[in-house]
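First comes the structure, then the notes that go with it.
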Amino acid sequence: MKKIAIITGAAGGIGQIFVRELKEPLDEIWVIGRNGERLHALKKEFGEKIVPLCKDLTVEADVLSIFFQGTNGRKICRKN
């Protein structure tokens with residue numbers, strides 16, 4: 001099973017700090033935010049593990065699209 005981190009608000013501020021500080025061995029880091037240019041800059045800086053998703057989490061359709069992209073028929077397990 002892939003290990004994926006999902007970071008919202010990744011286009012700026014604390015979200016960008018989280019991307020830079022992740023130390024866990026992860027297969028993918030999904031960076032979610034409204035500024036596509038900044039998200040793609042993170043991919044350029046950190047490489048193929050970064051999956052930029054230009055989405056607005058106040059829009060239900062955007063939230064659902066993230067969920068369906070991530071599940072893709074797989075079982076979801078969440079750590080708190």
Side-chain angles (χ1 to χ4, degrees):
M1 181 184 319
K2 281 186 176 182
K3 290 186 178 183
I4 300 171
I6 300 172
I7 300 174
T8 61
I14 293 174
Q16 280 191 347
I17 293 169
F18 282 137
V19 173
R20 288 181 169 77
E21 295 298 319
L22 276 175
K23 304 260 190 271
E24 290 186 45
L26 298 166
D27 296 308
E28 294 178 355
I29 302 171
W30 292 12
V31 292
I32 302 169
R34 293 178 292 190
N35 187 317
E37 286 183 25
R38 288 184 186 173
L39 298 175
H40 286 285
L42 288 170
K43 182 175 180 82
K44 186 175 180 180
E45 183 177 345
F46 294 103
E48 293 301 313
K49 284 187 176 188
I50 301 295
V51 178
L53 299 168
C54 188
K55 305 288 182 181
D56 183 341
L57 297 181
T58 66
V59 176
E60 183 177 359
D62 282 1
V63 174
L64 291 173
S65 73
I66 294 166
F67 175 77
F68 288 118
Q69 177 175 344
T71 59
N72 198 21
R74 297 177 290 201
K75 182 178 178 182
I76 295 178
C77 181
R78 168 174 77 102
K79 278 187 179 179
N80 290 338

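Given the structure is predicted, the values throughout are model-derived calculations rather than measurements.
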For the atom pair CD (E37) and SG (C54), what is the distance rounded to the nearest 0.5 Å? 9.5 Å
Note: K43 and P52 closest approach over all heavy atoms is CD-CD, 3.9 Å
Flag the pair I66 / L57 as yes when at least one side-chain heavy-atom distance between them is below 4.5 Å, and no otherwise. yes
Are F46 and I29 connected in the hydrophobic side-chain network, where two residues link if heavy atoms are under 4.5 Å apart? yes
Approximate separation, where rounding is to 0.5 Å, of D62 CG and R34 CZ: 10.5 Å
Give a yes or no on whether a salt bridge exists between E28 and K3, defined as a side-chain N under 4.0 angstrom from a carboxylate O. no
Does I14 have any side chain to side chain contact (heavy atoms under 4.5 Å, CB included) partners at least two apart in sequence or in another chain, and if so, which? F18
K49: salt bridge (Lys or Arg N to Asp or Glu O under 4.0 Å) partners, not counting sequence neighbours: none
Restricting to non-hydrogen atoms, name the atom on Q16 and the atom on A10 that form the minimum distance, rounded to 0.1 Å. CG-O, 3.0 Å
Is there a path from L26 to I50 through hydrophobic residues (I, L, V, M, F, W, Y) whose side chains come within less than 4.5 Å of each other? yes
Give me the one residue out of V51, V31, I7 that meets side chain to side chain contact (heavy atoms under 4.5 Å, CB included) with L42. V31
Under a 4.5 Å side-chain heavy-atom rule over Ile, Leu, Val, Met, Phe, Trp and Tyr, are I6 and L53 clustered together? yes
Is it the case that one hydrophobic cluster holds both L22 and W30, taking links as side-chain heavy atoms less than 4.5 Å apart, direct or via other members? no
